[in-house]
Every structure is written in structure tokens, then in C-alpha cells.
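Below: the structure, in C-alpha cells.
Hydrogens, waters and symmetry mates are skipped; everything else that's a heavy atom, side chains included, is used. Order of the sequence lines fixes the chain letters, A, B, ..., with proteins taken first and strands second; residue numbering starts at 1 for each chain.
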Protein chains: 2
Amino acid sequence: MDTSVSHHMIRCDACVLRRMSGFRSMSAEEAKLISGFKSGEMRCETGMTLISEGTLNPYLYTVLEGWGFRYKSLEDGRRQILNYHVPGDLIGLQGALLQEMDHSFEALTPMRLCIFERSRFLTIFEKSADLAFDVTWLASRDERILDGHMLSLGQRTAMERAAYLLVFLYYRGLRSGLFTSSNAQIPLSQSLIADTLGLSLVHTNKTLKRLAQRKLIVWRGRACEILDPEGLCSVAEWTPPEASPRPLI
Amino acid sequence: MDTSVSHHMIRCDACVLRRMSGFRSMSAEEAKLISGFKSGEMRCETGMTLISEGTLNPYLYTVLEGWGFRYKSLEDGRRQILNYHVPGDLIGLQGALLQEMDHSFEALTPMRLCIFERSRFLTIFEKSADLAFDVTWLASRDERILDGHMLSLGQRTAMERAAYLLVFLYYRGLRSGLFTSSNAQIPLSQSLIADTLGLSLVHTNKTLKRLAQRKLIVWRGRACEILDPEGLCSVAEWTPPEASPRPLI
DNA sequence: CGCCTGCTTGAACGCTATCAAAAAACGTGG
DNA sequence: CCACGTTTTTTGATAGCGTTCAAGCAGGCG
């Protein structure tokens, strides 16, 4: 397996993410405390499955670099992508609290992650009220995102749904430092988009093509570049949430 | 407004819900602690909106009796019901942590609820690691439920979706003591079902009719009775989660 | 070069929406 | 208890969005 795990001491106070705008600042003590909960760091390649539906997973992760996604399947193979994850996101909390995982997680690009052991992670609640609060905050924000996705799946047309998904991901990428001036692309295949929107691959393709004709996006082999975020927002009847600082664990 | 709020001291150790199977048992001290966080109890009538999208809401609630639901709307009026709530559910956590509410909550039947003031509620994290854990547990379980709904919205056909929703609600009602031998009905209009499934009212009606013809359900004026839970599960390719004890706050 | 994965396109079918209207159930006041 | 307005459920007909089937094309990689 092309996975590399390092078990040396993690120094959270030196974490690059903390220096980014977008994350709440944190005292040196708090950073030290978090360091104590971590059991290592790892990298993984595109396509790697970090969490599998139906299994017990003894780890949680914080994304440091790269994109990943969460999905759930029916027995006959139909699958629904539930959400995408970017640096700063905490992954696997459901499994830590509720035992068996009922979704899977896969890397969309090469990723770097911080690793928590489940049992040690759960002592956060005893050790620090602030961190416990942060965990809950992250869980609530995740739920809020799912609310938005559900509105989309249930009520928006194909075109609106596609526009929503793409601007949504655009702002997530932007705010978590995944875009640079030379690279502001969302790394997705159309087949993944189809599984996210609940549409067939063929119809997804035709819908994206129409967005491209309107000069809202450009498709470049397994990635999407956003040309006109405001235009997409208006197609989707959506506005991005305020960019308020979020906790990082 | 037909709402009655009582501000007398709440005695959580005497709460009827605690005596129900399905909830985790709790020490006398813990119950006393929770009592301290509560600021009252209230009743409300069918159709009352407890939480409105876009507003700040200074309260959280624990459902004691009755059914309610959460929804989100697009500007042109299309709305998506996100989830239904039953006794034991904690409501309004998102708003407490993330400021402005981005969904609404409405009573589906007359309800009785425990009230928490936002600011006092948030001190739970400092006062009790166990209760903080429970809050997070509830948030995670809610998210897991949304995952299931998303799979349904995105991947299941109309018939499968309807079957899923109805058994899902059947088990929720059953396990939270909302059904008695003389009344095991889910209090829903077909229009609400339509807004939950992301289908038109007409097509929802035709789909429910087919479920009724198969003797899986019976429709009785603004309510649905489940005749064959296993049958519905098999139509939906779904099995209810294990009935493990859940915390009550 | 050839294979594999991912994207594109056209045609036909069908599930679901929309339109339109009627029937049934419900609540309320007379 | 009945009349009457309102909400909810039911039904039929028509239209359309999205699916499925079936190829063909393009690009990356061994």
C-alpha cells in the first residue's frame, strides 16, 4: 500500500494550516494539548479508501492537504456522494461516536492527514472544554452543509444542482487554501459529479456542457475551473456562507 | 399565540422519557445537572414554527412529546423537509453553535418541549464532559440520519424513496414511544411527504397508492399506518439501525 | 502502438412533473 | 345535525426532463 505513516511527535503549533487565515487562532497551550491527542501523520494516494462502510474504524483524521469525499451505497451499486472534504475538516467522528461506519471515505487527490486514535480522541471531552466545543462545532457545521446538499438534491433542477455543487466546492477550495493563482481547479470526474447530483452520467455531461457554453465553467480533463462564481450562484439561487473563522483540531 | 411556557423548576430525574427503554440511564447527579441547564417547558400546537430560517434563535429544545420537522426553502418557494423529530431529539444545536439558523422547525402535532437558553446551554461543555459528549453524540447521529436521507434523495426511485421514508419514520416513532397499541400512525399529509421525497404532490399520491395496493401501508386522512415494515424495508433496500440506547439531555 | 479511462453525442424511452378537475374529508358556525 | 368553505386526496391527460442504450472520440500511459 502506498501509504506512509510517521509516528514522530506532531507539533501542532507549527502546523501550516494554523498560519492560514480562515482558522481560529489558538493559544500555545491548546496547540500543545492537541499535539498530545495526535498519533501521527500520513499521506495517501488518489483513490485510496480510508474508511469503509460497514467496518469499525479506530481512527479519525484531520485533513491537512488535498481533497477527499464521503459516500454511501445501495446494495445494487448505486452510490451517493455525501460531501467533499478539504484541509481543516475532521473525518470519522461519526464512527468514533456511533461505532460502525455507515459511509466510506476516499481520497480524491493525494492527501496528507493527521491521525487520531479513537480512544485517545474521546478523552478530549474530559481534557478540554474548548476542544470539545470545537469538535461539536465542526459536527454542526457538517450537518449544516448536508442540509444544503439535501435542499439541492430534492428541489433543484439538474442545471441548478450542478451550478450549486460547483460554486459550493469552489468556495470550499478557495477558503481552505487549495487554490493558487496558477491552479484554481476542482479535481473531479464527471462520473463523480453524477454520483453527487443524483443524475446519470450522460445527463450530467450535457448539463455541464451547457454551463460551459454559458461561460460559467471550463472543463479540463478530470477537473473543473470556475470562471464565474457569481453567475453560478445566481443559477443556483445560492450565496456562499460568510467566511467566518473555524476551529482546527 | 397558543403557547404556554412554564418557568418552574424542571425535575429531570422525574422525566417520563427517562423511564422509557431506549434511553441511556443516568445518575441522579447528572439528572440534577441537566435540570440546572433548563429554563422551562412549553407546549405548542400543530403548525407552530419554533425556529425560522434566517433568524437568530436564542433557544434549544428537547422534544418531550409529539412530532416536528425541520425544513429549508429556496426563494421561489420550493422547500425540502430535512428531517423529522421525535421525543428525545435535541433541536436547534446548529443555531446555538453557528449563529443564524439556516433552517426552520415546525410542529407536526401538538408538542411538549424542554427549553434551554443558548448561553446557559453552552456552559455544558465546561460543566460536564459526559454531557458534552452526549451533545456531540446526538449531533453525529443526526448527521448519520441525513446521510441516509441523501442516499435516498439521490439514488432511490420514487417508490423506494417513499418506502424508505415511511419505515424510517415508523421505527423512529416506535422507538420513541409515540405509538400505542391503539395508535400506530405517522401523522403526515401527502404534501409533506412530497416535500420530503423531492417529488410532486401528484406523483407522491400515485406512489403511495401503489404501496397501499401492495398492502404495505394504509392511508387514513392525514396519517399513515404501516402494515408491513419488513415489506417496506425490502422495497427500500434498507434495514433499520440497531436499537441502541441513546443519551437524553 | 494499443489499451483503458473519461468525455461526448444522438436517439428513443419512460419516470415524474404539470395541468385540470373532481371527490372526499374536515372544521366551523348556524 | 346540516350547510358550506377549506384542505386534502384522487384521477386522467399531456408534456418534458432525465435515463438508458449505443457508439464514437480524445487523451494518458505502459
Side-chain angles (χ1 to χ4, degrees), chain A residues 2 45-47 69 74 76-81 106 108-110 152-166 185-213 217-225 235, chain B residues 2 45-47 74 76-81 106 108-110 152-166 185-214 217-225 235:
Chain A
D2 45 7
E45 288 311 306
T46 300
F69 64 91
L74 291 172
D76 61 11
R78 286 176 281 177
R79 83 166 170 181
Q80 177 64 39
I81 294 181
E106 188 175 321
L108 188 52
T109 65
S152 213
L153 274 178
Q155 303 299 325
R156 284 195 246 255
T157 64
M159 174 94 5
E160 293 167 344
R161 255 185 262 184
Y164 163 77
L165 175 65
L166 294 173
Q185 300 189 354
I186 305 168
L188 281 174
S189 71
Q190 298 194 356
S191 151
L192 288 175
I193 296 190
D195 284 351
T196 312
L197 302 181
L199 298 171
S200 72
L201 176 56
V202 173
H203 198 246
T204 297
N205 176 272
K206 288 171 181 168
T207 304
L208 291 174
K209 186 129 261 225
R210 278 193 285 161
L211 287 177
Q213 279 163 356
I217 65 169
V218 170
W219 198 263
R220 336 199 109 108
R222 217 170 192 293
C224 178
E225 189 172 325
V235 170
Chain B
D2 45 8
E45 289 310 307
T46 301
L74 291 172
D76 62 10
R78 286 175 281 176
R79 81 164 173 185
Q80 178 63 39
I81 294 182
E106 189 176 321
L108 188 52
T109 65
S152 212
L153 274 178
Q155 303 300 325
R156 285 195 245 256
T157 64
M159 174 97 1
E160 294 166 345
R161 252 184 265 183
Y164 163 76
L165 175 65
L166 294 172
Q185 302 190 353
I186 305 168
L188 280 175
S189 72
Q190 299 193 357
S191 153
L192 289 175
I193 295 189
D195 284 352
T196 312
L197 301 180
L199 298 171
S200 72
L201 176 55
V202 173
H203 198 246
T204 298
N205 176 271
K206 288 172 182 168
T207 303
L208 291 174
K209 186 129 261 225
R210 277 194 284 160
L211 287 178
Q213 279 163 356
R214 291 204 205 171
I217 64 169
V218 169
W219 197 264
R220 334 199 111 107
R222 220 169 190 292
C224 178
E225 189 172 323
V235 170

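Note on the helix from dC1(C)-dG30(D) to dG30(C)-dC1(D): terminal axis deviation equals 40°, with five pairs used at each end and the result rounded to 10°.
A donor-acceptor distance shorter than 3.5 angstrom exists from the side chain of Gln155(B) to the backbone of Arg79(A), with no hydrogens or angles considered. With hydrogens and angles ignored, the 3.5 Å screen pairs no side-chain donor or acceptor of Gln185(A) with any backbone N or O of Glu225(A). Proximity of a side-chain donor or acceptor of Gln80(A) to a complementary backbone N or O of Thr196(A) within less than 3.5 Å is detected.
Nearest heavy atoms, Pro110(B) versus Glu45(B): CG-OE1, 4.0 Å. Nearest heavy-atom pair across Arg78(A) and Thr157(B) is NH1-N, 4.1 Å. Looking at every heavy atom in both residues, Ala163(A) comes nearest to Val235(A) through CB-CG1, 3.7 Å.
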Collect all protein-nucleotide pairs involving nucleotides 24-30 of chain D in which both atoms are nitrogen or oxygen and the distance is under 3.5 Å.
none

Every protein N/O lying under 3.5 Å from an N/O of nucleotides 15-18 of chain D:
unit_1: dG18(D); atom_1: OP1; unit_2: Ala158(A); atom_2: N; d: 3.2

Please list, for nucleotides 5-12 of chain D, all pairs of protein and nucleotide N/O atoms separated by less than 3.5 Å.
unit_1: dT9(D); atom_1: OP1; unit_2: Trp219(B); atom_2: NE1; d: 3.1
unit_1: dT9(D); atom_1: OP1; unit_2: Arg222(B); atom_2: N; d: 3.4
unit_1: dT9(D); atom_1: OP2; unit_2: Gln190(B); atom_2: N; d: 2.9
unit_1: dT10(D); atom_1: OP2; unit_2: Gln190(B); atom_2: NE2; d: 2.8
unit_1: dT10(D); atom_1: OP2; unit_2: Asn205(B); atom_2: ND2; d: 2.7
unit_1: dT11(D); atom_1: OP1; unit_2: Lys209(B); atom_2: NZ; d: 3.4
unit_1: dT11(D); atom_1: OP2; unit_2: Lys209(B); atom_2: NZ; d: 2.9
unit_1: dG12(D); atom_1: N7; unit_2: Lys206(B); atom_2: NZ; d: 3.4

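For the atom pair Ile193(A) CD1 and Leu201(A) CG, the distance stands at 10.0 Å (nearest 0.5 Å). The OH atom of Tyr164(B) lies 10.5 Å from the CG atom of Leu74(A); values are rounded to the nearest 0.5 Å. The distance from the CG atom of Leu153(A) to the OG atom of Ser152(B) is 10.5 Å, given to the nearest 0.5 Å. If you take OG1 on Thr109(B) and CD1 on Ile186(B), they are separated by 12.5 Å, rounding to the nearest 0.5 Å. If you take CE on Met159(A) and CG on Leu199(A), they are separated by 10.0 Å, rounding to the nearest 0.5 Å. Here the CG-CZ distance, from Leu108(A) to Arg222(A), works out to 6.5 Å after rounding to the nearest 0.5 Å.
The span of DNA chain C lying next to chain B, judged by atoms under 4.0 Å from heavy atoms, is bounded 5' to 3' by dT16(C) to dC19(C).
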Show me the donor-acceptor pairs, under 3.5 Å and distance only, between side chains in residues 204-211 of chain A and residues at least two apart or in other chains.
unit_1: Thr204(A); atom_1: OG1; unit_2: Ser200(A); atom_2: O; d: 2.7
unit_1: Asn205(A); atom_1: ND2; unit_2: Gln190(A); atom_2: OE1; d: 2.8
unit_1: Thr207(A); atom_1: OG1; unit_2: His203(A); atom_2: O; d: 2.7

message = Using side chain to side chain contact (heavy atoms under 4.5 Å, CB included), reason through Cys224(A) and Leu188(A) one step at a time and then give a plain yes or no.
response = CA-CA 7 Å; Cys224(A) 178; Leu188(A) 281 174; 5.6 Å; no
